[in-house]
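Labels below follow one simple rule: chain letters A, B, ... track the order of the sequence lines, proteins then strands, and each chain is numbered from 1.
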2 protein chains.
Amino acid sequence: MSLDHRSGCPINLSLEVFGDRWSLIVLRDMIFGGRRHFRELLNGSMEGIASNILADRLKRLMELGMLTKADDPSHKQKAIYSLTEMAITLVPILAHLGAWGRVWLPVSEELSIRAELLEKGGPPMWDKFMDELRHEHLGMPLDTPADATVRATLQAAYEAVVASKALGASTTA
Amino acid sequence: MSLDHRSGCPINLSLEVFGDRWSLIVLRDMIFGGRRHFRELLNGSMEGIASNILADRLKRLMELGMLTKADDPSHKQKAIYSLTEMAITLVPILAHLGAWGRVWLPVSEELSIRAELLEKGGPPMWDKFMDELRHEHLGMPLDTPADATVRATLQAAYEAVVASKALGASTTA
DNA sequence: AATACTGATTGCATTTTGCAATCGGTTGCA
DNA sequence: TGCAACCGATTGCAAAATGCAATCAGTATT
């Protein structure tokens, strides 16, 4: 944790935390992709993060208090990364960021459906999602019985779009 | 505008826009500081941006459609930078970012009062602020008569904290 | 015993960043 | 008419970050 900051401005300090091209990508994959292991993050990364960058970011995010690391009981050298409350409360920011990107940037249809649903779900959906993340990562009791988790809902919507696009491509070809 | 993106994910694309240590700082100073000129941004920058970095970011933000540049009628070589709608709609994100930073990072009291007020004001205040920015930067008509602008309100609060801290320091010394 | 997988680390070339000095042109003032 | 101050940048250069490929030692599987 670096103690010398450029300024005490909240926006600046936030930028010092994830003002780079990879930190938020790692957190996104953990939050929305449910990834907990190094290899999952490495191979599952859509943007193709390099292993040294990933190792560096995981270390940095741990130093910053956004992640913790624990041993996986099933595999002696397997490590499980967990989100802290600090990282979980990024959900509303990620939702806004996704909503903004969806409006102004050349997003792909299948990758923006999650952002769309999360935007439409609004704060209630974000709260439910954060509750689920606290359960998964912090071992907190789950409020609702959770018939379908937010992540599963988003994932299902994503897969539906992918399937529908594949269908459309085959019928219009 | 680079056409080769790492992925079509909204969060990734947003990160490609301001996933660096300076872009959002420049936008913050324009939005909250009301700065429109190169020198204002250069000398007024709390974090001490270098002139080449500033020039590069202004150029990049223009290419991305976040800023426009116009001649200042009062000074032949003076340029006025304006926010586009794309940049103005970042206000809610900046508000959330400030709120998050205020909770989790070592913010200074005087620099976080703006974030606190903006958080408490919520979406209605953000909308009013965005309306004012559209008036300032895009020449749009102003809805409300605007007794006190949001920026002036935030600035006054900032100065009040600074004054109160100076007072406290002198009386406790 | 062989193979594949675990979380990384190393070396190295390329790219980006940050700092300091400086540029040519404009403006205000004496 | 000179001249200093200011305008938006640009240049040169060192340092840091990034990205890629190869590799590591320990662990599990077969």
Side-chain angles (χ1 to χ4, degrees), chain A residues 2 4-7 12 15-27 29-30 33 35-64 67-83, chain B residues 1-2 4-7 12 15-27 29-30 33 35-64 66-83:
Chain A
S2 62
D4 51 330
H5 299 291
R6 300 190 299 188
S7 84
N12 171 61
L15 235 43
E16 290 186 21
V17 170
F18 35 69
D20 73 271
R21 290 174 107 64
W22 290 112
S23 297
L24 262 195
I25 292 289
V26 172
L27 290 168
D29 285 349
M30 289 189 68
R35 306 193 217 288
R36 308 289 296 266
H37 303 293
F38 191 94
R39 290 282 159 174
E40 282 180 328
L41 288 163
L42 186 65
N43 300 327
S45 162
M46 208 160 27
E47 288 83 13
I49 192 169
S51 65
N52 56 342
I53 309 283
L54 176 58
D56 178 80
R57 289 309 184 278
L58 288 171
K59 184 181 150 206
R60 223 180 75 88
L61 289 171
M62 283 193 290
E63 288 169 352
L64 287 165
L67 299 179
T68 57
K69 183 162 84 164
D71 292 339
D72 185 330
S74 77
H75 190 300
K76 280 191 180 166
Q77 90 187 109
K78 218 165 179 174
I80 301 184
Y81 291 92
S82 298
L83 301 166
Chain B
M1 181 114 53
S2 62
D4 51 328
H5 299 291
R6 301 190 299 188
S7 84
N12 171 61
L15 233 44
E16 290 186 21
V17 170
F18 36 69
D20 73 272
R21 290 176 107 65
W22 291 111
S23 297
L24 262 193
I25 293 290
V26 172
L27 291 168
D29 285 349
M30 289 189 68
R35 306 193 218 287
R36 308 288 297 266
H37 303 293
F38 191 94
R39 290 282 160 174
E40 281 180 329
L41 288 162
L42 185 65
N43 300 326
S45 162
M46 211 159 29
E47 289 82 12
I49 193 170
S51 65
N52 57 339
I53 309 284
L54 176 58
D56 178 81
R57 290 308 184 279
L58 288 172
K59 184 181 150 206
R60 224 180 73 89
L61 290 171
M62 284 192 289
E63 287 168 353
L64 288 164
M66 311 268 287
L67 300 179
T68 58
K69 182 162 84 165
D71 292 338
D72 186 329
S74 77
H75 191 301
K76 278 191 182 168
Q77 86 188 112
K78 219 166 179 174
I80 301 185
Y81 292 93
S82 297
L83 301 167

Using the 3.5 Å cut-off, write out each protein N or O paired with an N or O of nucleotides 26-30 of chain D and the distance between them.
from   : atom 1 : to    : atom 2 : distance (Å)
D:dG26 : N2     : A:Q77 : OE1    : 2.6
D:dG26 : N3     : A:Q77 : OE1    : 2.8
D:dT27 : O4'    : A:Q77 : OE1    : 2.9
D:dA28 : OP1    : A:K76 : N      : 2.9

Applying side chain to side chain contact (heavy atoms under 4.5 Å, CB included), name anything that partners [X], two or more places apart in sequence or on another chain.
X     : value
A:A55 : A:F38
B:R39 : B:L42, B:N43
A:L15 : B:L24, B:I25
B:A50 : B:N52, B:I53

Exercise. Does B:W22 put a side-chain nitrogen or oxygen below 4.0 Å from OP1 or OP2 of C:dT16?
Worked result: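 Result: no.
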Exercise. Residues two or more places apart in sequence or in another chain: which of them pass salt bridge (Lys or Arg N to Asp or Glu O under 4.0 Å) with B:D20?
Worked result: B:R57
Exercise. Can you list the residues that meet the salt bridge (Lys or Arg N to Asp or Glu O under 4.0 Å) rule with B:E40, with sequence neighbours excluded?
Worked result: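 Residues passing salt bridge (Lys or Arg N to Asp or Glu O under 4.0 Å) with B:E40: none at all.
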For this session: Not counting sequence neighbours, list each pair that qualifies as a salt bridge (charged side-chain N to carboxylate O under 4.0 Å, His left out) and has a residue in residues 69-81 of chain B.
Result: none
Atom pairs under 3.5 Å: protein N/O with N/O of nucleotides 10-16 of chain D:
from   : atom 1 : to    : atom 2 : distance (Å)
D:dT10 : O4     : B:S51 : OG     : 2.7

Problem set entry | side chain to side chain donor-acceptor pair (under 3.5 Å) against B:Q77, all qualifying residues, sequence neighbours excluded |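 Side chain to side chain donor-acceptor pair (under 3.5 Å) check on B:Q77 returns nothing, list empty.
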For this session: Name all residues meeting the side chain to side chain donor-acceptor pair (under 3.5 Å) criterion together with A:S82; count only those two or more places apart in sequence or in a different chain, and write none if there are none.
Result: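 Partners of A:S82 under the side chain to side chain donor-acceptor pair (under 3.5 Å) test: A:R36.
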Exercise. Where along residues 41-49 of chain B does a heavy atom come under 4.0 Å from DNA chain C, residue by residue in number order?
Worked result: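 Here the set is empty: none.
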